[in-house]
Amino acid sequence: MEIIDAQQDSKPAEAQTPHQEEVITATTDQHLVFRPENRWKWWLLVALNIVFLLVGQSAAVLLTKFYFNHGGNSKWLASLTQTAGFPLLYLPLLFFRSVNMSLSSLNNISHCLLYFSLGCLLAINDLLYSIGVEPLSVSTYSLICASQLVFNSICSFVINSEKFTILKLNSIIFITMSASMVAIHPDASKDKNGKPPVRDQERLIAILSTIGASAGYALMLSLTQFSFEKVLKKDTFSVVFEMQIYTSIVATFVCILGLFLSLEITDLKSEMEKFDEGKASYVASLIGTALAWQICTVGVVGLIYLVSSLFSNVVSMLSLPFVPVVGVMFYGEKMDAIKVLAMLFTLWGFASYIYQQYLDENKSKEKESEGIGDSNSELNLIDSDHIQ
């Protein structure tokens, strides 16, 4: 112990860098929320962000379907609405005045490449989702989107080194069965707006696009988690919001570029004039869709900050089994026996996945508490040795 003490006494005190001070400040702000006396505030914030995510996602899907059902045809415009409202993401920062966003992260080349890559991937996902939602009914689209949990398990296993368990395997099997049943079974829902029936080829392209978008989004979530751990090396409130805002900026510019290169920009004026519900409804549907997606994004970011990215992903899947019911209520879609069975399979797979996440969270909390206890005992031992 004398040698250790001598080494500690001879070791010069290290000055804290601005980066370390930023991490300490952000961590201190985060701990204020997690104190025992503020636990009810934490639960309130979690519940509020869950509502934002579920309401925003459901409203966005329904408004996008409204746009296509009443004369909208631009895939790139529908994709643009998913990220174009990113300036609204600055509003939640007003409630966290201690957190200051800056452009310092853009001075790091690796960070810029990260935001650019994830932004391009986000734009591709937005386009694939738009291609899928137009010809498919809301119920079919939502049930196929549930396959994201399958891809999330695979990506988490490959990229984030998460283990496969019986519950995850059970979730994959039932959700795969659900998506397969909906994909193979012909959709009995009829269009009320006089549009010609969807051809088998168009339906197949829409299904494959939706599956591809689900796989791409699962990949993006795993890469985001990997980025927080290995590249950014922190997941404070400001960093999480920077990730969302910068990737949304890139995705928005990619969608605008696609809108011009595809020449869809030249058809928007006639599309608005011929919209079934009028020009006001056309503009309102686009603005409402952009607003709904940003409300959803606020919920996603909030849950990543308060809980974890995996929990945020699971909650985002919670609305999918219930969106078909909303499709029946608002669009008069038929909920036949196959869809009901597929929805039950999805719910069972979703429940299995959630329970596995619950078990994983408990294990991680136990390890963290054990690690904190061990570190505290070591510090106490060192202090006692110094006193002696």
Side-chain angles (χ1 to χ4, degrees), residues 48-92 122-123 125-139 141-142 145 191-193 195 210 213 217 244-245 247-249 251-256 258-259 264-265 267-302 315-316 318-320 322-333:
L48 184 63
N49 281 283
I50 289 176
V51 172
F52 281 164
L53 195 160
L54 296 180
V55 172
Q57 185 180 47
S58 301
V61 172
L62 294 174
L63 286 173
T64 302
K65 189 63 180 176
F66 174 85
Y67 164 76
F68 283 120
N69 277 355
H70 294 279
N73 295 303
S74 176
K75 309 293 191 305
W76 281 110
L77 182 61
S79 304
L80 181 61
T81 59
Q82 298 182 41
T83 56
F86 68 86
L88 295 174
L89 293 178
Y90 286 98
L91 294 179
L122 178 59
N125 285 340
D126 293 344
L127 178 62
L128 291 175
Y129 274 127
S130 299
I131 293 174
V133 74
E134 180 187 10
L136 298 177
S137 64
V138 173
S139 54
Y141 169 81
S142 300
C145 279
D191 190 89
K192 291 184 173 182
N193 301 300
K195 285 188 176 182
T210 306
Y217 189 71
Q244 293 291 331
I245 290 175
T247 54
S248 295
I249 291 174
T252 298
F253 277 104
V254 171
C255 290
I256 292 175
L259 195 61
E264 288 184 358
I265 188 73
D267 299 327
L268 294 185
K269 183 177 180 181
S270 61
E271 180 180 281
M272 180 174 62
E273 294 175 350
K274 297 178 182 178
F275 197 69
D276 295 341
E277 301 297 321
K279 296 181 180 179
S281 296
Y282 179 84
V283 175
S285 65
L286 295 176
I287 295 176
T289 304
L291 179 62
W293 277 121
Q294 295 314 307
I295 292 175
C296 173
T297 302
V298 169
V300 169
V301 172
V315 173
S316 69
L318 180 60
S319 66
L320 295 181
F322 301 101
V323 170
V325 179
V326 181
V328 173
M329 296 171 57
F330 287 91
Y331 293 107
E333 297 179 356

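These numbers come from the heavy atoms of this one structure, side chains and all, not from hydrogens, waters or symmetry mates.
With sequence neighbours left out, Val283 forms a side-chain contact (heavy atoms from CB on, under 4.5 Å) with Met272, Ile287. Partners of Ser248 by side chain to side chain donor-acceptor pair (under 3.5 Å), not counting sequence neighbours: none found. With sequence neighbours excluded, the residues forming a side chain to side chain donor-acceptor pair (under 3.5 Å) with Ser79 are Ser130, listed by chain and number.
Distance check: Thr81 OG1 to Leu63 CG gives 9.5 Å after rounding to the nearest 0.5 Å. For the atom pair OG1 (Thr64) and CG (Leu77), the distance works out to 10.0 Å, reported to the nearest 0.5 Å. Between atom CG of residue Leu286 and atom CG of residue Leu291 there is a gap of 12.5 Å, rounded to the nearest 0.5 Å. Distance check, rounded to the nearest 0.5 Å: OG1 of Thr297 to CG of Leu53 gives 8.5 Å. Summarising the geometry, atom CD1 belonging to Ile245 is positioned 10.0 Å from atom CG belonging to Leu88; distances are rounded to the nearest 0.5 Å. Taken from OG1 in Thr83 to CZ in Phe253, the straight-line distance is 10.5 Å, to the nearest 0.5 Å.
A pairwise comparison of heavy atoms in Ile295 and Gly56 identifies CG2-CA, 4.3 Å as the closest pair. Residues Ala123 and Cys255 approach most closely at CB-SG, 4.3 Å, considering heavy atoms. Scanning all heavy atoms of the two residues, the minimum distance from Tyr217 to Asn125 falls at N-ND2, 3.3 Å. Minimum heavy-atom separation, Ala60 to Trp293: CB-CE2, 3.4 Å. Among all heavy-atom pairs drawn from Gly71 and Asp276, the shortest one is N-OD2, 4.1 Å.
Sorted by first then second residue, the side chain to side chain donor-acceptor pair (under 3.5 Å) pairs that include residues 279-291, not counting sequence neighbours, are Glu271-Tyr282. Sorted by first and then second residue, the pairs that involve residues 72-84 and meet salt bridge (charged side-chain N to carboxylate O under 4.0 Å, His left out), not counting sequence neighbours, are Lys75-Glu134. Among pairs with a residue in residues 52-61, none fulfils salt bridge (charged side-chain N to carboxylate O under 4.0 Å, His left out), at least two apart in sequence or across chains.
Counting non-hydrogen atoms of other residues, nucleotides and ligands closer than 6.0 Å to CZ of Phe275 gives a total above 12.
Side chain of Gln82 to main chain of Asp126: a donor-acceptor pair is present (N/O by atom type, distance under 3.5 Å, no hydrogens or angles). Not one N or O on the side chain of Asn69 forms a donor-acceptor pair closer than 3.5 Å with the backbone of Tyr67. The closest donor-acceptor contact from the side chain of Thr210 to the backbone of Cys145 lies at 3.5 Å or more, if one exists at all. For Thr247 (side chain) and Gln244 (main-chain N/O), a donor-acceptor pair under 3.5 Å exists by modelled atom type.
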>> If you apply the rule side-chain contact (heavy atoms from CB on, under 4.5 Å), what do you find for Lys65 with Tyr141, and how did you get there?
In response: CA-CA 10 Å; Lys65 189 63 180 176; Tyr141 169 81; over 6 Å; no

> side-chain contact (heavy atoms from CB on, under 4.5 Å) between Asp267 and Asn73: does it pass, once the steps are laid out?
Replying inline: CA-CA 9 Å; Asp267 299 327; Asn73 295 303; over 6 Å; no

